[in-house]
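Reading through the structure tokens given below for one structure.
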Amino acid sequence: MKNFEHINAESFEAATRGLTSYKNARPIAGGTDLVGALKEKILPDYPEAVINLKTIPGAAYIHDEGDEITVGALTKLRDVEEADAFKGELKAVAEAAHSVATPIVRNAATIGGNLCQDVRCWYYRYPDSVGGRLVCARKGGDQCYAVQGRNQYHSIMGGMKAGKTPCTLECPAGTDIPAYMEKIRENDWDGAAEIIMEANPMPMLTSRVCPHTCQSACNQCAYGDSVSIHSVERALGDYILDHAQQFYQAPSETTGKKAAIVGGGPAGLTAAYYLRKAGHQVTVYEKMEEAGGVLMYGIPEYRLPKHYVRDLVKALAGMGILFKTSTEIGKDLSLEQVKEANDTVFLDTGAWKQPILGFDGENLTQFGLNFLVEVKQFMSRQIGREVLVCGGGNVAMDVALTAVRLGAQKVKLVCLEQREDMPASAEEIARAQEEGVEIFNGWGLKQVLTDGDGKVTGLKSVKCVSVIDKDGHFNPVYSDETQVFDSDCIILATGQKVDTDFLGDKYKEELKNAKGLIQVGEHKDTRAPGIYAGGDAASGPSVAIKAIRDGGIAARSMSRYMGFPLEERTRKKGFLKFDPEKVGITAACTEKDTPAGLRSLEREDSDSLTAQEAKEEAGRCMNCGCYSVNASDMANVMVALDAVVKTTAHEFRAEEFFGNMDAAGILEPGELVTAIAIPKFAGYRTGYLKMRLREAIDFAVTALAYAYKEENGVITDARLVAGGIAPIPVRLTEAEKMMIGKEKSKELAEAAFAQAMKDAVPMRENSYKLQELKTQLVRSLEL
Amino acid sequence: MSRDLTLNINGETYEFTIGRKLGQIPESETLLETLRERIGLTGSKMSCGQGACGCCAVLMDGKAVASCITLTAECEGKEIITIEGLGDPVTGELDPIQEAFLEHNAFQCGFCTPGIIIAVKSLLNGNPNPSEDEIKEALSGNYCRCISHYQVIEAVKSVLEGGKTA
């Protein structure tokens, strides 16, 4: 065993001090759980110190306090099982203690340690010495191996979140993807819409343009295709837009506060949506003819048909958001005027300016973003015969594909990055290549070549050997090698710049930073009180979903500033569920692409999934979390007997304490369980049933803690808690309700079981647990 | 930082210090390692290393515990008895339980036998006249791969019948 510091605690206070004085220290009581875990190094963090609680005087006791029995946390399970206090009505306590492990273990193990013990899942416990430990979701890793692996000893009620899932973490807006997938599996599209719109009010747009890096983080990648998240999102987004009146409703109450949005891009529209929803009066100022920003003007029709943007803006206007289009702040109105007329202002003016790279002949090139905005004019003009696009991002891909579809004979693309480092998404690159775009990686711009008449004939390029320096900064290094690319039309898609001229003299110096962006803090607040900013104007060119996150954060900050803090939504608690059959499907269902030859500039390249297809694809989502079962037998009994868990800082009802998968989920750093108080349950018949393969050492396959009050064979009160069926002890409330007031019988127990287990979702190999629990329920009646 | 550690094993007193220097007992050392590798008491066996099989059982204050998951640093002031300490140190006479195991051939390879005998001793310390079910339950944490269980139960019962409980 790897070494650690060892401290004998003289009191609980000293133990807490000891625990918090290290970065990673663990308390040790009986040690029967901890020492094994340390030997096998099952946890990624090995403790620097172990604090011994056994040396705390007077921490092991069983006291009769009149109406309750208190048990010191350091009391050995052997003493609990033999105590007179647990021989009568509280025999469930003794039976549960007796059921733990083996007599040898119970001579050392303590009740406090049992209540706080770590999960026994075989993936979690996989020893480090045999090929390395498994860093599952429970240990801060990504996935639960039981979902696709062996799961006969796992949960039949579903799992629990063990932190944020990798897809959610990957999404700039933090969308709870598995949660809306679950709703779609349940065919609850309204519920799914509600969840996605908490993070993103325009999924019908993002699903079409987002690089959806969430998919690269999807745990299904380990087994086959990632879940086609964007396809499901797109179907959901279409559903939302089809029911726009339902999802974009005017607020029922208004606050009388005014917010202005300068620039109707994704960040601005998002902020407008959340602010209006909160009841504020919202005006969007947009310099173009139509709102939507880059989504309206910078993304080609074939990727994002404009009617979706228009329909969204219409829906937002339907909420009572005022749109003042063709109104340029800094020209038609000053920012001061806007600020004066409103309580808060959000700036989302984007990044639309051409950067000056400074190479010879740059003035002879075209700016990619302008090219996309003006594509309609281009259509009536002749595009060059040999188009050369410069840049490796999605804008460059859009420009190249648009050029192809405008009828250019040859489209080439050069960029600094090597293929695997190109910022464009893999799908966009593949699509460009499929339609004949030739990509040359590792070339920088040197000089535009012209003929005698000044007409463009090509680009002299210089070999780029590295793009990012060792500090991670953009700092291209070139060699002497050059190459000429023939072209009569060079389009630069090498980034866009932020134009802050609109801020005017008053605000320019105050709001701008050294990078030429609007300086914002973590709440999207600028240096001017009441003025907020987000999107590309604050962070430089990036993706729409990031702008959407900015808009959401800004809306919350602005509403708070105006005196109306938005409440964080708390989702109904329940176990995570997945489809045991469909998670095994390795191929994703994605949109059907139009064949390359038939694609055009006017029509979307693909059709959305049908609702049924989207539901099937959502079935592949593993709803990542922890699907283990609770290990502690004593915990089941404590919940059934409504015990109180006393700690160095709090007193918790057992149901609350064990509502967490780990004690650490509810305890503060260094907080320790000191005692358990168990009400006496006078007049009740209590007990503990445990099913396992081998009578000693094995953990419960299923367990049932029960407390019945009966009069002449009629149940007048019941408390039932099942263990081994979910990550936490499960109170069988439905079964209790059904039994109370009825005469006890086998039929009653079976009916109560069916009622309690109606939400059960056994995994592939563990539906047998239902039978076990049913039997235990019948036996608990002692008929 | 060193600290003193006094161990009481089979009636003998052993003085150690806990620390990282040569000859000191590191904090993470288990009682089984100390018994076998420092004191030479190799009767307690290392098997599963997780407290599940009972081969490493020793008596701590009269009760059987798994020495493989017990930290030596936490044994200060405890009275520890191993299989070697059951017999009479002067006459060499075995404990009646040991005699009964010999008499009933209650072992085959014998690897798990010290742990089983310790568990029996622990049982009889608290319950001098256990029923057969109680014997089985008390030994449920001792695994034997040679199936000596039948003879073990006979041996334990013979100790009770002979009235020679320790």
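Quick note: numbers below take in every heavy atom, side chains included, and nothing from hydrogens, waters or symmetry partners.
Chain B forms the most heavy-atom pairs under 4.5 Å with one residue out of Ala101(A), Gly36(A), Ala37(A), and that residue is Gly36(A). When each of Gly49(B), Ala119(B), Cys48(B), Ala57(B) is scored by its heavy-atom pairs under 4.5 Å with chain A, the top score falls to Gly49(B). Interface check for chain A: of the options Ala66(B), Ser122(B), Cys68(B), Gly77(B), the most heavy-atom pairs under 4.5 Å are formed by Cys68(B). Between chain A and the options Ser140(B), Cys53(B), Ala64(B), heavy-atom pairs under 4.5 Å are most frequent for Ala64(B).
The stretch residues 14-61 of chain A participates, sequence neighbours left out, in these ring pair (Phe, Tyr, Trp, His ring centres under 6.0 Å) pairs: Tyr61(A)-His63(A). Evaluation of the salt bridge (charged side-chain N to carboxylate O under 4.0 Å, His left out) test over residues 65-87 of chain B, restricted to residues two or more places apart or in two chains, returns Lys54(A)-Glu74(B).
Lys63(B) has its side chain out of reach of Lys76(A): every pair of non-hydrogen atoms, C-beta onward, lies at least 4.5 Å apart. The side-chain heavy atoms of Leu71(B) and His6(A), taken from C-beta on, include a pair separated by under 4.5 Å. Contact of the Gln50(B) side chain with the Glu40(A) side chain is registered, since non-hydrogen atoms from C-beta on lie closer than 4.5 Å.
Other residues, nucleotides and ligands contribute only 12 or fewer heavy atoms inside 6.0 Å of the CD atom of Glu10(A). Annotation: Glu93(B), atom CD; neighbour count of heavy atoms from other residues, nucleotides and ligands within 6.0 Å does not exceed 12. In this structure, Arg38(B) places its CZ atom where more than 12 heavy-atom neighbours from other residues, nucleotides or ligands lie under 6.0 Å away.
Below 4.5 Å, heavy atoms of chain B meet heavy atoms from Arg694(A), Ala696(A), Ile697(A), all part of residues 685-705 of chain A. Residues of residues 106-120 of chain A placed with any heavy atom under 4.5 Å of a heavy atom in chain B are listed by number as Arg106(A), Asn107(A), Ala108(A).
Summarising the geometry of Ser28(B) relative to Lys2(A), their closest heavy-atom pair is CB-O, 3.5 Å, with the distance given to 0.1 Å. Contact record, Gly141(B) with Pro103(A): N-CD, 4.0 Å, taken as the closest heavy-atom pair.
Residue Ile28(A) touches chain B through its side chain alone, counting heavy-atom pairs closer than 4.5 Å. Interface residue Glu137(B): backbone and side-chain heavy atoms are both found under 4.5 Å from chain A.
Atoms CG and CD, from Asn127(B) and Glu82(A) in turn, are 9.0 Å apart once rounded to the nearest 0.5 Å. Rounded to the nearest 0.5 angstrom, Asn142(B) CG and Ile104(A) CD1 are separated by 4.0 Å.
Remark: the backbone N or O of Ile69(B) is not paired with any side-chain donor or acceptor of Lys39(A) at under 3.5 angstrom.
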